[in-house]
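Here's the structure, in structure tokens; my notes come after.
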Amino acid sequence: MTENQLVWLDQRIQLLKKRKEKIYTQIALAYLKETEKIFGKAFSLELILEMLDHLWTFSSEIQKDEWKRTKDKEGGKI
């Protein structure tokens, strides 16, 4: 491979990572909107944190390890 090809590949990888992050954000917003619809006025950030805490507490070690690996691979972003 030539240097130009490597540069092109690096640029493409960066572009795909940005697209992936944008898609994750869109999915998160869609979940947020759906959650607001379900819970109505009871919806709050505290509720989300409580749900996440509950999810973490009752998840298997295998699932927790998977989340940790994903977080580490993505540089702290899930």
Side-chain angles (χ1 to χ4, degrees):
M1 267 194 183
T2 68
E3 178 127 4
N4 286 340
Q5 290 172 318
L6 291 174
V7 169
W8 180 85
L9 282 174
D10 284 338
Q11 291 172 342
R12 186 72 177 149
I13 290 168
Q14 291 305 315
L15 175 65
L16 292 173
K17 284 182 179 181
K18 286 180 184 179
R19 285 186 183 170
K20 181 179 177 182
E21 188 170 325
K22 183 178 179 181
I23 290 170
Y24 280 150
T25 301
Q26 290 171 339
I27 291 169
L29 287 173
Y31 283 139
L32 180 65
K33 288 178 183 179
E34 193 63 29
T35 303
E36 287 175 325
K37 286 180 192 175
I38 293 168
F39 288 99
K41 291 185 179 187
F43 178 79
S44 68
L45 293 178
E46 290 80 17
L47 176 63
I48 292 174
L49 292 174
E50 190 173 322
M51 291 168 63
L52 289 172
D53 182 58
H54 183 81
L55 181 63
W56 180 263
T57 300
F58 293 100
S59 292
S60 70
E61 289 303 316
I62 294 170
Q63 180 63 61
K64 290 177 184 178
D65 289 341
E66 178 63 29
W67 287 332
K68 289 175 187 176
R69 278 194 303 278
T70 301
K71 177 183 146 283
D72 293 340
K73 188 167 76 171
E74 297 296 325
K77 296 179 182 174
I78 296 180

Could you tell me which residues satisfy side chain to side chain donor-acceptor pair (under 3.5 Å) with Glu36, sequence neighbours excluded, listed by chain and number?
->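 Glu36 satisfies side chain to side chain donor-acceptor pair (under 3.5 Å) with no residue once adjacent residues are dropped.
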Which pairs count as side-chain hydrogen bond (donor to acceptor under 3.5 Å, both in side chains) when at least one residue sits in residues 41-62, sequence neighbours excluded?
->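 Checked against side-chain hydrogen bond (donor to acceptor under 3.5 Å, both in side chains) - neighbours excluded - the pairs reaching residues 41-62 are Ser44-Glu46.
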At what distance, to the nearest 0.5 angstrom, does [atom1] of [X] lie from [atom2] of [Y]?
X: Lys37; Y: Lys33; atom1: NZ; atom2: NZ; answer: 8.5 Å
X: Ile13; Y: Leu6; atom1: CD1; atom2: CG; answer: 9.5 Å
X: Gln26; Y: Lys22; atom1: CD; atom2: NZ; answer: 5.5 Å
X: Leu9; Y: Asn4; atom1: CG; atom2: CG; answer: 11.0 Å
X: Asp65; Y: Thr70; atom1: CG; atom2: OG1; answer: 10.5 Å
X: Tyr24; Y: Leu29; atom1: OH; atom2: CG; answer: 15.0 Å

Would you indicate whether Lys17, at its atom NZ, is surrounded by more than 12 heavy atoms from other residues, nucleotides or ligands within a distance under 6.0 Å?
->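 Not buried by this count: 12 neighbours or fewer within 6.0 Å.
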Please check if atom CD1 in Ile62 has more than 12 non-hydrogen atoms from other residues, nucleotides or ligands closer than 6.0 Å.
->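 12 or below, so no.
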Going by heavy atoms in the side chains, are Ile48 and Leu45 under 4.5 Å from each other?
->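 They are in side-chain contact.
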Compare all side-chain heavy atoms of Glu66 with those of Gln63 and state whether any distance is below 4.5 angstrom.
->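 Yes - at least one pair of side-chain heavy atoms lies under 4.5 Å apart.
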What pairs meet the ring pair (Phe, Tyr, Trp, His ring centres under 6.0 Å) rule with one or both residues in residues 26-51, with sequence neighbours excluded?
->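 For residues 26-51: none.
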In terms of hydrophobic clustering (I, L, V, M, F, W, Y; side-chain heavy atoms under 4.5 Å; direct or indirect links), are Leu52 and Ile38 co-clustered?
->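 Yes, Leu52 and Ile38 fall within the same hydrophobic cluster.
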